[in-house]
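Everything below concerns the one structure shown next.
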Amino acid sequence: MRRMVPSDDIILTQLRRGALEYCVLSKLAPTERYGRELAGELSADGVLLDGDGTLYPLLARLRRAGHVTTVWRESGSGPPRRYYALTTSGRETLDRFKSSWKVFRDAVDTALDESPGGRP
Amino acid sequence: MTTPVTDHPLVQRYLQALDRLLVDLEPSERAEIVEGVRDHLADDLADDAGSDDVQAALARVGPVEAIAEEATRGRPSSVRESARPVPGTARGWVPNVVMALQLVALGFVLMVAVQAPGTWRADGGDVSLAAEYGDVFAPALLANMLWWPSLALLAGMSPLWTTWEWVHLVSAVPAVALLFDVAPVLGWHLDQDRGMTVASIAALVVGVGVWLYTVWWLPHLARLRVELFRARATGA
C-alpha cells in the first residue's frame, strides 16, 4: 500500500484545530476587538490563520459556547462595528488551556527529542 | 452617494456562495457567519475599491469552502461526522421536474398571450400581446392552476434553492403574465400603435430573459447543490 506523507499544510491545519480557538480567546483577553482587527493579528505570522474568513465560524462557535460576547459600537469611520469580548467563562477556559498547553507542549517536545532516529 | 463596497458584484457573489454552502447550519448561525465576513470585507476595503482590490481582499478572506468546512467541523451534528442520506427533495430529479414545470407554466403564459382576443396583430408591422388589461394575466394564471402551485410547492420544500431564489422561481409566471398583460396596453396609451409594438417586443425580450433565468439558470444552480448533498452523504 502506498503511504502518503502529510504535507506541511495538512499538519498545520491539524495543529491549528486544537489551538486556534484559545489563541482567539487570548487575543481578546486584554481588550475587545472587532473581526478585521482580530484577523489581522492572528494572520500576521501566516501560521495561525489560513484565510481570514475562517475566523468567523470560530467566533460564532465561541459565542454559542458562551466564551465570547458581542457588542455593536460606533466607529470613527463608517458604520457601527461588531466587537467581540471575552466573558468570564471564556477567561476561565483560556486559563485552563494555558496550564494544559504548557504540559502538552513540554510532553511533545520531550517526545520529539527522544523518538528513535528522530530529530529534535 | 458612494455605493458600499459590499454591494460590489464580486463581493455579492462570494457572500451568496458562502451562504449556499452554509445551508445546513441554523439560520441564525449561518447569518452570523455571513455577516461577519461581510463586515470584515467592509472594513478591509474602501467604498471606491476596484475589482483588483476586491479580488485581493477576497483572496485574503480565503475560499468559501474553507469557511464552510470550519463552520461544519467539530460539532455533534456536523454533516462531516456522519454520512446522512440525501433528502428526497434534494435529489437529482427535483431540478429537472422544476425546470419542466416552469417550462410548461411559462409556455402556457405565452400561449395565452398569443391567443388572447385582439392580440398578435401583425398588420402594418404592429405587434401586440394584448388588447385590453386582463387579457392575459387572469387567463394565464387559470391555465397554470395545476403547474404553478406544484412548482411552488416542490421548490419550496426543497433545500436546493435559497428563499430568494424560490421567490424568483414562483413569481416568474405571474410576473411575466402581468408584463404581457400590461405592457402593450400601456405602450398603446403612450404612443399608439408604435408604443404598443415597442412595449410588446420589450415584454417578449424580458419574458425570454426571465425564462432563461428560471428554466435554465436556477435549475442549473440546484443541480450543483445536488452534487454537494451527494458528497456530504458519502462523507466526502
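In what follows, chains are A, B, ... by sequence order, proteins preceding strands, each numbered from 1.
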Within 6.0 angstrom of B/Trp217 CH2, more than 12 heavy atoms from elsewhere: no

Tell me, yes or no, whether the heavy-atom count around A/Tyr22 atom OH, taken from other residues, nucleotides or ligands under 6.0 Å, exceeds 12. no

Kindly indicate, with the supporting measurements, whether the criterion salt bridge (Lys or Arg N to Asp or Glu O under 4.0 Å) is fulfilled by A/Arg61 and B/Glu29. CA-CA 9 Å; A/Arg61 203 154 53 230; B/Glu29 185 182 359; over 6 Å; no

CG-CZ distance between B/Leu45 and A/Arg36, expressed to the nearest 0.5 angstrom: 9.0 Å

Under a 4.0 Å threshold between the charged nitrogen and the carboxylate oxygen, would A/Arg81 count as salt-bridged to B/Glu35? no

Check whether B/Asp39 gets within reach of chain A through its side chain, its backbone, both or neither, counting any heavy atom under 4.5 Å. side chain

Using a strict threshold of under 4.0 Å (side-chain N to carboxylate O), is an ion pair present between A/Asp52 and B/Arg60? no

A/Arg105 atom CZ, neighbour heavy-atom count above 12 within 6.0 Å: yes

B/His40 and A/Ala39: which non-hydrogen atoms are nearest, and at how many Å? CE1-CB, 3.5 Å

If one checks every heavy atom of A/Arg63 against chain B at 4.5 Å, the contacting part turns out to be side chain

Let's test your reading of the structure: which of A/Gly35, A/Gly53, A/Ala60, A/Gly51 forms the most heavy-atom pairs below 4.5 Å with chain B? A/Gly53

For A/Thr54 and B/Ile67 the tightest heavy-atom approach is N-CG1, 3.9 Å

Among the listed options B/Val34, B/Val37, B/Leu58, the residue most often paired with chain A at heavy-atom distances under 4.5 Å: B/Val37

